[in-house]
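A quick note: this is a predicted structure, and the numbers were derived from the prediction, not measured.
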Number of protein chains: 2
Amino acid sequence: MTGQGKPGAIAGELIAVVVAVTDGEPRVLTIPGAGALPSGPFEPAHRSLQAGLRAWVERQTGHPLGYVEQLYTFADRDRDGGGDARVIAVSYLGLTREEPGAGPGEEGWRTWYDYFPWEDCRGGPPAVIEGVLKPRLRAWATSASAEQRRAREQRVAIAFSLDGAAWNEELTLQRYELLYEAGLVPEAAAAEPVPGRRMQGDHRRILATGIARLRAKIKYRPVVFELMPASFTLLQLQRSVEALAGLRVHKQNFRRLIEQQELVEETGASTPDTGGRPAKLFRFRPAVLIERAVAGTKLPLTRG
Amino acid sequence: MTGQGKPGAIAGELIAVVVAVTDGEPRVLTIPGAGALPSGPFEPAHRSLQAGLRAWVERQTGHPLGYVEQLYTFADRDRDGGGDARVIAVSYLGLTREEPGAGPGEEGWRTWYDYFPWEDCRGGPPAVIEGVLKPRLRAWATSASAEQRRAREQRVAIAFSLDGAAWNEELTLQRYELLYEAGLVPEAAAAEPVPGRRMQGDHRRILATGIARLRAKIKYRPVVFELMPASFTLLQLQRSVEALAGLRVHKQNFRRLIEQQELVEETGASTPDTGGRPAKLFRFRPAVLIERAVAGTKLPLTRG
DNA sequence: CATCTTTATACTCCGATTGAGCATATGCGT
DNA sequence: ACGCATATGCTCAATCGGAGTATAAAGATG
C-alpha cells in the first residue's frame with residue numbers, strides 16, 4: 001500500500017511468440033519436439049526484459065527481431081506446481097523474417113493454423129467449425145444451468161459469429177478460451193479433443209494472445225513491414241496480411257488503401273513470375289516508417 | 001533457450017493507475033504527499049497478479065475495481081539502484097468510482113491534468129504548448145546533428161500536431177517521452193522544468209501509459225461504464241468521455257452514436273437540475289455489457 | 001500468329017458513416 | 001409573457017469503404 005513493502009522472492013521467465021510469414025503462411029517459432037514456445041529465464045545480467053528477450057532470440061534465430069511487443073505477464077498459481085517457487089512469466093510478440101540458413105539448422109517453424117485450424121477462414125468458413133466445434137460448444141452450453149446457459153450461448157455465438165455477423169478474426173483468444181472452458185482441448189484434459197495441435201502448459205494460450213494482438217495491430221500500425229522482404233509485389237503484401245488475418249480481402253480495395261496511404265513506393269523493377277502480367281515491385285518508404293510508427297495505418301479488414 | 005534454465009531470484013511489484021471521473025474531471029489515485037502511484041509487493045500468497053492487485057486496491061479504496069487491465073511490465077536496470085536486487089514491476093490500469101467516504105479518509109485523488117497540463121484540450125489548444133513546449137522542443141531538435149534533427153522535428157510535429165493535423169489525444173505517452181528525452185521534466189533532472197506536477201521515479205511515465213491506453217480503449221470498448229454512476233444523463237456521459245479524451249465532441253453526433261449502438265436505455269426518470277430543459281436519465285443495458293465486452297463500441301473521437 | 005488464361009491495374013457505383021449545422025422542445029428565472 | 005439554457009430531433013454534404021466492371025500485359029497453347 002505504501003510502496004515500501006518487502007516483495008517476496010520469485011523467478012522471472014521470458015516467453016516469446018516469434019512470427020514470420022513465408023510463402024503466404026503465418027509461421028511461429030517453436031521448440032521442435034517439445035511442443036513449446038521458446039522460453040528462457042530472465043537473468044540479472046539483462047539490462048531490461050526486452051533486452052533479455054532480444055538477446056536470446058537473436059542468438060537462436062541468427063537474425064534480429066525487428067518489432068518486439070509485450071503481450072502479457074502471468075503469475076498464476078496453477079502455472080507452477082503450486083509450491084513455493086512463484087514464477088512471473090512475461091510473454092512477448094516478436095516479428096522477423098524466416099531467412100533460410102540463418103540459425104543453427106534446427107529451427108521449428110510451424111504454420112500457426114496447425115494449432116488453431118478454425119482460425120483459417122481464407123478458403124471460406126472452415127468445416128471444423130460447423131462440423132465439430134459448433135455442436136460440441138452447443139452441447140456444453142446446454143449442459144449448464146438456465147442462468148449460465150444464455151451467457152454461454154451468447155459467448156459462443158459472438159466468438160464464432162453464429163448470429164450471422166461477420167467473422168471477427170481478432171477473437172482468437174476468446175475462441176481458444178471458450179474451447180478450454182468447455183473442456184474440448186487436450187490442455188484441459190479433454191477425453192476427445194477437438195482438432196488442433198496442442199502445446200505444453202499454457203503456451204497455446206499465449207500463442208493465441210499473440211495472434212489476436214497481431215491481427216488487431218496490423219489494422220492500425222505498419223507492422224507487416226517487419227515480415228516482408230526488402231521488395232515485394234502488392235499481391236505478396238496482400239497475401240501476407242491475409243495469412244495473418246486468416247481472411248481474404250478485396251484486392252482492388254487493398255491496393256487503393258495501401259497506395260493512398262503512401263506506405264510504399266515503386267522500386268522501378270517488376271517481377272515476371274506471377275503467372276500473368278508482371279507486377280511492379282514495391283518497397284516501404286523509410287520516411288513513413290517513423291511517421292506511421294506513431295500515427296497509424298489502415299487496412300481493409302473491417303472491424304466487425 | 002530450452003525453457004529449462006534456472007531463473008534468477010527477483011522481486012515482484014504491482015503498480016496501479018486507478019482512475020475515476022468526478023464532476024467531469026478525470027482523477028487518479030495517488031499516495032498523498034509521496035507523489036507516487038499506489039504500489040505494493042506481489043506476495044506468494046496472491047493467487048495471481050491481478051488478484052493481488054485487486055486485493056490491496058480494494059482494501060485501500062473500500063470499493064472494488066470494476067475493470068482491471070494490465071499495462072506494462074518493467075525490469076529496467078535503472079529502476080532499482082543498480083544493485084543485485086532486480087525488481088519486476090507489473091503496472092495495471094484500474095477503473096472505479098470515487099464514492100465519498102468509502103475508503104479510510106486519506107485518499108489522494110487528483111486531476112490527471114495536474115501531471116499533464118498539455119493534455120487537456122477541452123478548452124482549445126492549451127497555451128502551454130504554444131508558449132512553452134513548442135519553443136523548447138524546437139530548441140532541443142535544433143541542437144542535434146543534422147541527421148537526428150529531422151527525426152526529432154518530425155517526432156515533435158507528430159506528437160504535438162504541429163503540422164496542421166488534428167490533435168491526437170492518444171499520444172500522451174509519446175509526448176511525455178519526448179519531454180523526458182529533451183530533458184524538460186524534473187524526472188530527467190531538468191534545470192528549468194516545464195509545467196506539470198512530477199512523480200516519484202517512473203510513475204508519471206506509467207500514468208501516461210495508463211492515460212494513453214484508456215483514451216484508446218474508450219473508442220472501441222464500453223469501459224466508460226465503470227466510471228459512471230448507475231444512472232446519468234447523456235451530457236454527463238459525454239462530459240466523462242471528454243474528460244478522459246481531453247477533447248470536446250459534437251453533442252448531437254455523440255448522442256446519435258450512443259443511441260444507435262443501443263448501449264444505454266432510458267430509466268424513465270429525468271433530472272431537472274441541468275439548468276435548462278430537464279434531461280432524461282439513462283442506464284447501461286446489462287445485456288449489452290456482455291456482448292460489447294467482446295464486440296466493441298464506437299465513440300465519435302476521430303483517430304487522427 | 002490468334003487466342004486463351006492469368007494476373008495487374010484503373011475506374012465506377014452506391015450505401016453507410018460521420019462531421020457540422022439548423023430547428024424545435026421544455027424546463028427555469030424574472 | 002419573455003428570454004435563457006439545455007435537451008432533443010432532423011438535415012445535408014463530404015467522405016469512406018465494400019463490391020463490381022473494364023482494360024492492360026505478360027505467358028501458354030493451338
Side-chain angles (χ1 to χ4, degrees), chain A residues 23-24 121 124 165-169 218-220 231-242 245 247-282 296-304, chain B residues 24 121 124 164-169 218-220 231-242 245 247-282 296-304:
Chain A
D23 302 325
C121 302
W167 177 258
N168 185 343
E169 83 284 354
I218 48 170
K219 290 184 189 169
Y220 61 95
S231 78
F232 48 85
T233 71
L234 289 184
L235 186 58
Q236 283 167 354
L237 180 61
Q238 181 182 344
R239 291 286 178 245
S240 292
V241 169
E242 289 174 339
L247 282 173
R248 288 255 110 98
V249 304
H250 186 99
K251 189 170 177 174
Q252 292 91 326
N253 292 347
F254 181 83
R255 307 169 114 271
R256 174 171 65 185
L257 225 48
I258 294 297
E259 292 189 330
Q260 87 185 16
Q261 291 190 120
E262 300 181 308
L263 281 173
V264 298
E265 60 190 10
E266 300 183 13
T267 66
S270 63
T271 171
D273 30 67
T274 56
R277 168 175 166 177
K280 289 180 194 163
L281 284 170
F282 290 81
T297 323
K298 286 183 284 187
L299 281 180
L301 292 160
T302 34
R303 192 189 291 246
Chain B
C121 303
W167 177 258
N168 185 342
E169 83 284 353
I218 48 170
K219 291 184 189 170
Y220 61 97
S231 78
F232 48 84
T233 70
L234 289 184
L235 187 58
Q236 283 167 354
L237 180 61
Q238 181 182 342
R239 291 286 178 246
S240 292
V241 170
E242 289 174 338
L247 282 173
R248 288 256 111 96
V249 304
H250 185 99
K251 189 169 176 174
Q252 291 92 325
N253 291 346
F254 180 84
R255 305 166 117 276
R256 175 173 63 189
L257 225 48
I258 294 297
E259 293 188 330
Q260 86 183 17
Q261 291 189 114
E262 300 181 308
L263 281 172
V264 297
E265 61 190 9
E266 299 183 15
T267 65
S270 63
T271 171
D273 29 68
T274 56
R277 168 174 168 178
K280 289 182 194 162
L281 285 170
F282 290 81
T297 323
K298 285 183 286 187
L299 281 179
L301 292 162
T302 35
R303 191 187 291 245

- [ ] Would you indicate what A/Lys280 reaches in the nucleic acid, counting non-hydrogen atoms under 4.0 angstrom: base, sugar-phosphate, or nothing?
- [x] sugar-phosphate
Using a heavy-atom cut-off of under 4.0 Å over every strand shown, decide if B/Leu234 touches base, sugar-phosphate, or nothing. nothing
Check the distance between [N]'s [atom2] and [X]'s [atom1] and give it to me in whole angstrom.
X: B/Gln261; N: C/dT17; atom1: CD; atom2: P; value: 11 Å
X: B/Phe254; N: D/dT8; atom1: CZ; atom2: P; value: 13 Å
X: A/Gln238; N: C/dA8; atom1: CD; atom2: C1'; value: 12 Å
X: B/Leu257; N: C/dA20; atom1: CG; atom2: P; value: 14 Å
X: A/Lys251; N: D/dA22; atom1: NZ; atom2: P; value: 18 Å
X: B/Glu259; N: D/dT8; atom1: CD; atom2: C1'; value: 8 Å
X: A/Asn253; N: D/dT21; atom1: CG; atom2: P; value: 14 Å
X: B/Glu266; N: D/dT8; atom1: CD; atom2: C1'; value: 11 Å

d(A/Ile258 CD1, A/Asn253 CG) to nearest 0.5 Å is 11.5 Å
Mind checking side-chain hydrogen bond (donor to acceptor under 3.5 Å, both in side chains) for [X] and listing every partner two or more places apart, or none if nothing turns up?
X: A/Gln252; result: A/His250
X: B/Glu242; result: B/Gln238, B/Arg239, B/Arg248
X: A/Thr271; result: A/Asp273

Applying ring pair (Phe, Tyr, Trp, His ring centres under 6.0 Å) to B/Phe282 and not counting sequence neighbours gives none
Given protein heavy atoms under 4.0 Å, the one-letter contact record of nucleotides 23-30 of chain C, with B base, S sugar-phosphate only and - none, is simply --BBS---
With sequence neighbours left out, the residues meeting salt bridge (charged side-chain N to carboxylate O under 4.0 Å, His left out) with B/Lys280 are B/Glu266
- Message: I'd like to know if B/Arg256 reaches the base of D/dG9 with its side chain, counting only an N/O donor and acceptor under 3.5 Å.
- Response: no
Does B/Leu235 reach the side chain of B/Lys251, with side-chain heavy atoms less than 4.5 Å apart? yes
Of C/dT9, C/dA20, D/dG17, the nucleotide closest to the side chain of B/His250 is C/dA20
